[in-house]
Amino acid sequence: MSLTATYKLSARLFWRDKGTLPASVITPLGLAIGMPTLMRNVTAGGVTAAAQMFVGTLALILSGTAFLNITVALTMRRDQLLLKRLRATRLTNRQILLGEVANTVTQTVILMIVSAVAVHLLADVPLPRNPVLFAVFAVAGSAVMATLGVAWTAAIPRGELAAPMTLPFFFLAGLASGAMGSIVDLLPPWLHPFLAALPTSAVVDAVRASYGPGTFGSDLAAAAVPALVLAAWAGVALLSIRRWFRWESRKS
Amino acid sequence: MAAIQVNHLSKSYGSFQAVDDISFEVEAGTVFALLGRNGAGKTTTIELLTGFQKPDSGSVRVLGLDPIRDRAQVRGNVGIMLQEAGFFPDLTAGQTVEIWRDFTPAARPASEALELAGLTAKAKTKVRQLSGGEKRRLDLALALLGRPDVLFLDEPTTGMDPEARRNIWEVVRDLAARSTTVLLTTHYLEEAQQLATNLAIMDRGQIVVGGDMAETLAARVGRVSFELPSVIQPGELPLPATMRGRLAMVQAADPDLAAQTLLGWASERGLRLRGLEVRTASLEDLFLELAQNGEMAQNGTTDRGDHP
Ligand SMILES: Nc1ncnc2c1ncn2[C@@H]1O[C@H](COP(=O)(O)OP(=O)(O)OP(=O)(O)O)[C@@H](O)[C@H]1O
Ligand SMILES: [Mg+2]
């Protein structure tokens, strides 16, 4: 009952927060729809290149809408002593954070679906062959990114620093997953395993399999490593939250 | 059983001892005032009582429960008005109360909570447009939502106009009459005197005076003050007086008797005592007296700890 209450509150605040909507919705959505559409029209390879790029841009939605948004919202609420006020109620710590995470997952998954449909209509990118695989990783990926965002707030001293301290991950994630085109090939090869181990890269890998040719068996195989990567990141996030999460800003 | 039990409670921030081995109890259905100057440790004490902070040592029981270990259960029965906490600025006062009702089982209707806090007229106003005192009232409305058995109020009337303050007093009295236990802090000593049956005065983390309000005051002296006639030297008065400018102050256990003595003495000499004031002991006198006797260290003369 109280989880739905915090979920509802987070959702309401998400769409009202004019300050973060550009970073949390408009930019990721614009890039995820705009860049593949552009690809479709300017390159010879057309549809294939657009599909390739689109899957990569999902990393931008994951890092913008899930990670950046929840980090900014929570640090702001922490600084304004809103988290403290919420904790003066019957709500448990878990309900407060889970409501926030659940809302973030909802918004992120909606944006992923909207952009998949939009590039289908605008750039002829086919819909995923295996929508279940797409959906499972959209949800799991958003949940892990949102949880990592909650954990990351502990490293941020003040609300104004939340966006600058989070944006680098946005670019890193986009770079690693090919949303920025093939700049990634210019980076030293020893960096590649690290980039591939990012949670956004794991989601992109699994989603790529859901678009490409394959069978149920090959999809399962393709999902195994990304699932493990996400599970590892989830563990890291939960442990850091338990260890370092702060409900009030440092008072010293 | 006492509604709130505090036993040898201590809390430090780094090397700074904010709460230093305090103990007290609050009986169910009574109003308890926690007083003391800025930085005395009142808010820290409330945060320890409400489970926002963990004690270094000692124990706290609210309704027999540990506010940290049994947090969910305690939260269900207490209302908390923090000294400082934020609101969502773009929600209206009414929307804020409605949302908080979702968090509160068996909550009062929103209109009732707003009414109690005297905020009905502002229900449709955005929080960012509320005045300081109105925000404080919204705070109270939220604290009262769950019909709590125990109410913690940290400076509830700060920033309120005198009428609003009196209305809040009425609400607190009313709640106490219906067996709500109230622990409040305030810098308005009249407020404490009006509402509380028991008190503790804190200084530098310790309780320097505590107990029953009436008894505590009865044990202290009242005072008579008047303008000293220009022809009289202080030494000529029939009772020892201290001077503040032209104002003579006589302290006495029975200030009425002292006033009669002084008036009799003056009329024998054909003198008038202008601006005569007779006051029984008030909390304010007690405060001043504590400061004078060094029971409370003067501001700045003692600085313990190394906090900024
Ligand atoms: N997080 C903290 N870190 C360091 N010192 C702190 C912290 N919180 C409070 N203090 C110090 O502890 C002391 C007691 O603070 P507290 O807020 O309990 O005072 P108070 O009695 O409520 O004062 P006021 O009447 O001004 O509200 C103050 O000197 C304050 O500077
Ligand atoms: Mg205080």
Side-chain angles (χ1 to χ4, degrees), chain A residues 1-21 24 69 72-100 102-103 153 158-160 162 242-252, chain B residues 13-16 18 43-44 46-47 49-53 67-68 70-92 95-107 126-128 135 138-139 142-143 145-146 148 151-154 306-308:
Chain A
M1 171 215 113
S2 295
L3 180 57
T4 37
T6 50
Y7 175 82
K8 262 169 49 191
L9 173 63
S10 301
R12 188 164 177 174
L13 296 167
F14 179 86
W15 292 105
R16 268 169 190 264
D17 191 346
K18 310 263 178 332
T20 56
L21 280 183
S24 58
N69 166 61
V72 173
L74 277 182
T75 39
M76 288 295 188
R77 276 167 219 170
R78 183 186 67 197
D79 284 10
Q80 293 160 357
L81 293 180
L82 271 161
L83 294 183
K84 186 172 190 181
R85 182 182 292 287
L86 287 171
R87 289 184 82 221
T89 66
R90 249 319 251 283
L91 298 172
T92 61
N93 295 348
R94 196 167 296 191
Q95 284 166 339
I96 296 172
L97 293 181
L98 264 181
E100 202 78 52
N103 165 58
T153 59
R158 277 176 293 121
E160 310 91 82
R242 177 160 285 224
R243 178 85 178 69
W244 289 298
F245 187 79
R246 284 179 288 124
W247 292 96
E248 290 178 52
S249 34
R250 268 189 215 121
K251 274 208 211 160
S252 50
Chain B
Y13 298 112
S15 65
F16 180 75
T43 297
T44 307
I46 288 206
E47 295 202 342
L49 292 180
T50 48
F52 280 99
Q53 307 262 12
I68 292 186
D70 313 311
R71 167 137 169 238
Q73 218 181 332
V74 173
R75 282 287 192 275
N77 297 305
V78 307
I80 304 171
M81 189 169 170
L82 294 164
Q83 180 170 11
E84 212 183 353
F87 290 106
F88 294 104
D90 291 319
L91 300 175
T92 67
Q95 285 167 336
T96 305
V97 173
E98 279 298 344
I99 287 173
W100 252 249
R101 290 186 73 238
D102 282 351
F103 304 154
T104 314
K126 279 193 180 176
V127 171
R128 68 162 81 249
K135 281 198 190 116
L138 179 55
D139 232 323
L142 299 183
L145 263 186
L151 197 52
F152 293 96
L153 307 174
D154 198 350
D306 56 356
H307 71 111

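A, B, ... follow the sequence lines: proteins, then strands. Residue 1 opens every chain.
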Open item on the list: Taking side chain as everything from C-beta outward and backbone as N, CA, C, O, which of these in L82(A) sits under 4.5 Å from a heavy atom of chain B? Side chain, backbone, both or neither.
Closed with: both

- [ ] Check the surroundings of atom CD in E84(B): do more than 12 heavy atoms from other residues, nucleotides or ligands lie under 6.0 Å from it?
- [x] no

Open item on the list: For G86(B), is there any backbone N or O sitting under 3.5 Å from a side-chain donor or acceptor partner on R77(A)?
Closed with: no

Open item on the list: So for L13(A), is it side chain, backbone, both, or neither that comes closer than 4.5 Å to the heavy atoms of chain B?
Closed with: side chain

Open item on the list: Taking ring-ring contact (aromatic ring centres under 6.0 Å, His included) as the definition, give me every residue that meets it alongside W244(A), ordered by chain and number, with sequence neighbours left out.
Closed with: none

Task: Pairwise distance CD1(I80(B)) to CZ(R87(A)) - rounded to 0.5 angstrom - done: 10.0 Å

Open item on the list: So, using side-chain contact (heavy atoms from CB on, under 4.5 Å) as the criterion, who are the partners of S10(A) when residues are at least two apart?
Closed with: E100(A), N103(A)

Task: D102(B) CG to K8(A) NZ distance, which is reported to the nearest 0.5 Å - done: 4.0 Å

TODO: Drop me the distance from R75(B)'s CZ to L91(A)'s CG, to the nearest 0.5 angstrom.
DONE: 10.0 Å

Task: Region of F87(B) in contact with chain A, defined by heavy-atom distances below 4.5 Å - done: both

TODO: Measure the OG1-CD1 distance between T89(A) and I99(B) for me, rounded to the nearest 0.5 Å.
DONE: 12.0 Å

Open item on the list: Can you tell me which portion of L145(B) sits under 4.5 Å from chain A's heavy atoms? Options are side chain, backbone, both or neither.
Closed with: neither

TODO: Supply the atom-to-atom distance F52(B) CZ to E248(A) CD, rounded to the nearest 0.5 angstrom.
DONE: 7.0 Å

- [ ] Please lay out, stage by stage, how R85(A) and W100(B) fare under the test side chain to side chain contact (heavy atoms under 4.5 Å, CB included).
- [x] CA-CA 10 Å; R85(A) 182 182 292 287; W100(B) 252 249; 3.5 Å; yes

